[in-house]
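Everything below concerns the one structure shown next.
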Number of protein chains: 2
Amino acid sequence: MSPPGGVHALVRRSHEERVLRVLRQRGALSRGEIAARVGLSRTTVSEITSDLIARGAITIVGTDAVGRVGSGRPAERLALDPSSGQFMAVDFGHRRVNVAVADASHDVIALGTSRYPESAGWPERIPAAFALIKRLSVDKGVHYRALQAIAVGVPGWGDRSPADGVAETFAEHFGAPVTVDNNVRFAGLAEALRSPADSVQNLIYVRLSDGVGGGVVVNGQLVRGADGSAGEFGHITVAGPDGEPCRCGKRGCVETIASVPAILARCRSLGVRVETLDDLRAAVRIAEPTVDKVLREAGAAVGRALGAAAMMLNPSEIVLSGEIVHIAPMLFQQVVSTITYELSYRAEAAPVIRPALLADEGGALGAIAVLFHESPLLAGYPEDPVAPSGPIERTKEHPMRTVAGTRPEEGLR
Amino acid sequence: MSPPGGVHALVRRSHEERVLRVLRQRGALSRGEIAARVGLSRTTVSEITSDLIARGAITIVGTDAVGRVGSGRPAERLALDPSSGQFMAVDFGHRRVNVAVADASHDVIALGTSRYPESAGWPERIPAAFALIKRLSVDKGVHYRALQAIAVGVPGWGDRSPADGVAETFAEHFGAPVTVDNNVRFAGLAEALRSPADSVQNLIYVRLSDGVGGGVVVNGQLVRGADGSAGEFGHITVAGPDGEPCRCGKRGCVETIASVPAILARCRSLGVRVETLDDLRAAVRIAEPTVDKVLREAGAAVGRALGAAAMMLNPSEIVLSGEIVHIAPMLFQQVVSTITYELSYRAEAAPVIRPALLADEGGALGAIAVLFHESPLLAGYPEDPVAPSGPIERTKEHPMRTVAGTRPEEGLR
């Protein structure tokens with residue numbers, strides 16, 4: 001009753017599947033790295049990969065000569081046939097959409113931005129994204145013939161996200177499963193993956209931009225919370241009842257003091273004409289004292305809220321992102337000073353506080369990482385976003401929204 | 001070369017070990033529950049348990065008749081011979097020590113308290129604990145002949161704990177491995193284990209007592225943080241630079257407003273003579289307006305800090321403990337009101353806010369749970385606190401301190 005080869009063929013198939021899985025999850029690897037990860041001997045791995053190369057399932061994509069330490073012959077790096085699958089991330093901000101496309105070897109093969117007015121709603125944003133995706137296809141020669149999955153980052157958290165219908169639109173248009181989550185959380189994930197520390201088990205990420213958002217890594221896992229709204233740093237109250245009103249309906253939230261529009265508005269209310277980040281940069285360059293004061297106030301507010309969060313979570317890293325962090329060094333310095341004071345009673349255990357390493361592309365790169373699902377940081381995230389049929393999957397346990405794709409009637413491809 | 005029975009005997013031994021492990025971890029279980037947990041057939045489990053009973057390794061400790069739903073013959077419950085091992089928890093507070101002892105079937109067979117003056121240092125606290133342990137032995141007929149492990153809860157967090165030497169003293173005295181951790185974190189763990197919700201994945205626990213402390217469960221795991229100081233809720237700043245000075249060196253910490261001594265002192269400074277919690281209870285009973293105001297201020301401070309923590313972590317439960325929570329209902333009500341305001345922008349995802357179910361014994365019961373290590377809440381905790389020799393194990397990755405026991409020269413036994 002056994003097929004020819006019997007047990008031996010079954011074992012071989014199982015080994016092949018393990019090799020393919022690790023390449024799908026990790027991107028390009030040398031034979032030695034494959035052997036270490038799947039727990040097979042170098043000899044067995046060489047046999048299996050020769051066979052897989054001969055059958056066209058995997059290819060040699062280069063060597064590890066670049067960045068290699070020490071002497072010795074560079075090792076070939078193997079990967080799934082890069083063209084065998086594409087993975088797309090779409091990160092919607094308030095004024096732009098970023099798109100990143102990776103191939104099956106995990107190389108990002110296209111990355112682009114398209115702007116829209118701040119007032120644009122989804123009926124304008126989505127066509128802007130579709131046009132950008134088409135342009136990337138033409139300009140970079142990227143095709144989406146075997147699009148495996150799409151991750152969409154949106155402003156807003158959990159079920160309260162204003163992006164209802166976006167997932168369905170992408171799923172129908174591209175015929176691929178879609179995963180939607182908060183874009184700042186995606187960016188926080190990308191930052192944890194790129195951390196200079198070997199392995200980040202506990203990290204707090206905050207972005208100061210049009211709004212203020214956050215992402216949290218605890219015990220080596222990205223945190224979503226009970227219903228997907230963990231990390232809502234921007235609405236922590238830091239000024240009392242006399243604080244400025246916030247769009248959330250409360251007063252004195254971090255966002256009313258430390259978002260870019262709030263900082264610009266506060267400068268203007270004190271008589272300094274700054275309309276844009278460029279104006280702010282110019283004012284910082286001449287050390288305008290009022291602007292300096294406003295930026296330090298914003299830094300102190302962020303530092304107090306981050307200090308409180310750090311007392312609860314005892315992170316090893318706190319990461320601050322947003323263009324303004326680079327434009328206004330005194331803001332970052334003030335955040336560091338305030339956190340240092342807040343944690344002064346146990347100064348020996350102070351976290352590393354650093355600016356983000358990734359710029360605006362972080363959200364898209366984090367979203368790609370979610371699709372490859374390669375990191376232990378994503379433990380607890382839904383493994384398989386694909387529901388074979390039916391409209392929307394939304395569960396209390398996994399509030400990340402996933403939508404099954406259906407083959408498109410018409411498409412961009 | 002195989003022993004008689006060969007592979008069959010090896011498989012049988014492995015099955016036996018799995019049955020013994022599940023009984024060690026879970027306490028008493030029926031044969032059906034054992035079969036479900038270890039993934040063996042009822043028949044196999046019945047064979048194995050008959051053999052283990054005959055050899056005296058496990059015993060029948062009762063039936064599930066009590067609390068059983070439906071008809072049918074009550075199932076026998078099996079457990080390791082209860083006398084085959086004891087597990088001890090010692091929870092040091094500022095004015096009392098609690099001791100709990102459990103047997104190998106997980107039954108708590110002794111629970112007691114001994115008081116000491118607030119000024120007592122470790123040279124007085126430790127003998128008080130030893131005397132209590134001896135008294136429990138005499139009064140309850142508990143012996144410590146096969147003491148497996150000791151968990152000691154102490155005030156203070158991480159490496160900053162003032163309890164240096166305590167672990168060594170217990171390890172030498174009892175010849176058993178000792179695990180030391182913060183006592184409020186132990187209590188938070190006990191509360192999560194007893195939660196009315198089926199499974200608590202995200203919970204924030206706060207205790208208002210002589211100090212103010214906290215414990216955090218995220219993604220279904222108890223959080224220790226980068227160096228063991230997660231949950232230090234009491235030193236979140238809620239009043240500004242005008243706040244009262246705190247013992248930590250800062251000003252305006254939650255502890256300076258919402259600890260029991262802070263509340264009593266504030267009442268006195270406003271002219272109300274309250275020296276003890278009993279005085280406070282009497283004042284609450286007559287609705288003394290100044291006391292009411294002070295309690296609401298304390299509740300608002302706790303609520304603001306908990307609101308901030310909840311925005312970052314999006315918990316499904318927030319648990320408030322401490323005798324004062326029961327004495328002063330308006331304090332609890334104010335905490336609820338303030339958190340509700342802080343989270344008002346997403347009212348549909350409000351957490352359950354509840355008083356603790358366990359009273360003062362929570363810390364000791366949580367410490368016992370850590371010794372049995374039966375819960376997924378403890379993922380990431382060190383599995384084996386026993387270092388076979390040498391003095392102190394203290395690592396950055398697992399800052400919970402564990403100390404290897406050495407056989408005592410003299411002892412209580």
Side-chain angles (χ1 to χ4, degrees), chain A residues 157-160 200-204 214 216 218-238 240 246-250 253-254 304-317 338 341-346 348-349 351-352 379-380 396-397 399, chain B residues 157-160 200-204 214 216 218-238 240 246-250 253-254 304-317 338 341-346 348-349 351-352 379-380 396-397 399:
Chain A
W157 274 261
D159 296 343
R160 175 175 154 274
V200 186
Q201 296 294 308
N202 294 280
L203 174 146
I204 300 175
V216 185
V218 172
N219 282 353
Q221 296 179 2
L222 192 62
V223 177
R224 294 184 45 77
D227 59 296
S229 68
E232 210 155 352
F233 183 80
H235 298 291
I236 293 178
T237 307
V238 280
C246 182
R247 64 190 168 98
C248 78
K250 302 195 294 172
C253 297
V254 172
R304 280 200 302 279
L306 272 173
M311 280 177 249
M312 287 307 271
L313 295 176
N314 182 209
S316 50
E317 284 188 25
T338 303
Y341 167 74
E342 291 293 341
L343 303 182
S344 56
Y345 61 95
R346 49 176 175 86
E348 74 287 358
V352 171
K396 197 73 183 165
E397 295 74 47
Chain B
W157 274 261
D159 296 344
R160 173 174 156 275
V200 185
Q201 297 293 308
N202 295 280
L203 175 147
I204 300 175
V216 184
V218 172
N219 282 354
Q221 296 178 3
L222 192 61
V223 176
R224 293 183 46 78
D227 59 296
S229 68
E232 210 155 352
F233 184 80
H235 297 290
I236 293 178
T237 307
V238 280
C246 183
R247 63 190 169 97
C248 78
K250 301 196 295 173
C253 298
V254 172
R304 280 199 302 279
L306 272 173
M311 278 176 251
M312 287 307 271
L313 295 175
N314 182 208
S316 52
E317 284 189 23
T338 303
Y341 168 73
E342 291 293 341
L343 304 182
S344 56
Y345 61 95
R346 48 177 174 87
E348 73 288 358
V352 171
K396 197 73 183 166
E397 294 73 49

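A quick note: this is a predicted structure, and the numbers were derived from the prediction, not measured.
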Take B:Val223 and A:Met312 through the side-chain contact (heavy atoms from CB on, under 4.5 Å) test and state the conclusion after the steps. CA-CA 9 Å; B:Val223 176; A:Met312 287 307 271; over 6 Å; no
Under the criterion side-chain contact (heavy atoms from CB on, under 4.5 Å), I'd like the reasoning laid out for B:Arg304 against A:Thr237: C-alpha separation, chi angles, the key distance, then a yes or no. CA-CA 8 Å; B:Arg304 280 199 302 279; A:Thr237 307; 5.5 Å; no
Roughly how far, to the nearest 0.5 Å, is the CG atom of A:Asn314 from the CD atom of B:Glu232? 8.5 Å
From A:Cys253 atom SG to B:Met311 atom CE, the distance as rounded to the nearest 0.5 Å: 7.0 Å
Walk me through whether B:Gln221 and A:Gln221 qualify under side-chain contact (heavy atoms from CB on, under 4.5 Å). CA-CA 10 Å; B:Gln221 296 178 3; A:Gln221 296 179 2; 3.8 Å; yes
With A:Thr338, which residues qualify under side chain to side chain donor-acceptor pair (under 3.5 Å), at least two apart? A:Gln334
Mind listing the closest non-hydrogen atom pair of A:Pro315 and B:Ala226 along with its distance? C-CB, 3.9 Å
Set of side chain to side chain contact (heavy atoms under 4.5 Å, CB included) partners for B:Gln201, sequence neighbours left out: B:Ser199
Among B:Ser316, B:Cys246, B:Ala310, B:Ala308, which has the most heavy-atom pairs under 4.5 Å with chain A? B:Ala308
d(A:Lys250 NZ, B:Leu343 CG) to nearest 0.5 Å is 7.0 Å
Side chain, backbone, both or neither of A:Asn202 within contact of chain B (heavy atoms, under 4.5 Å): side chain
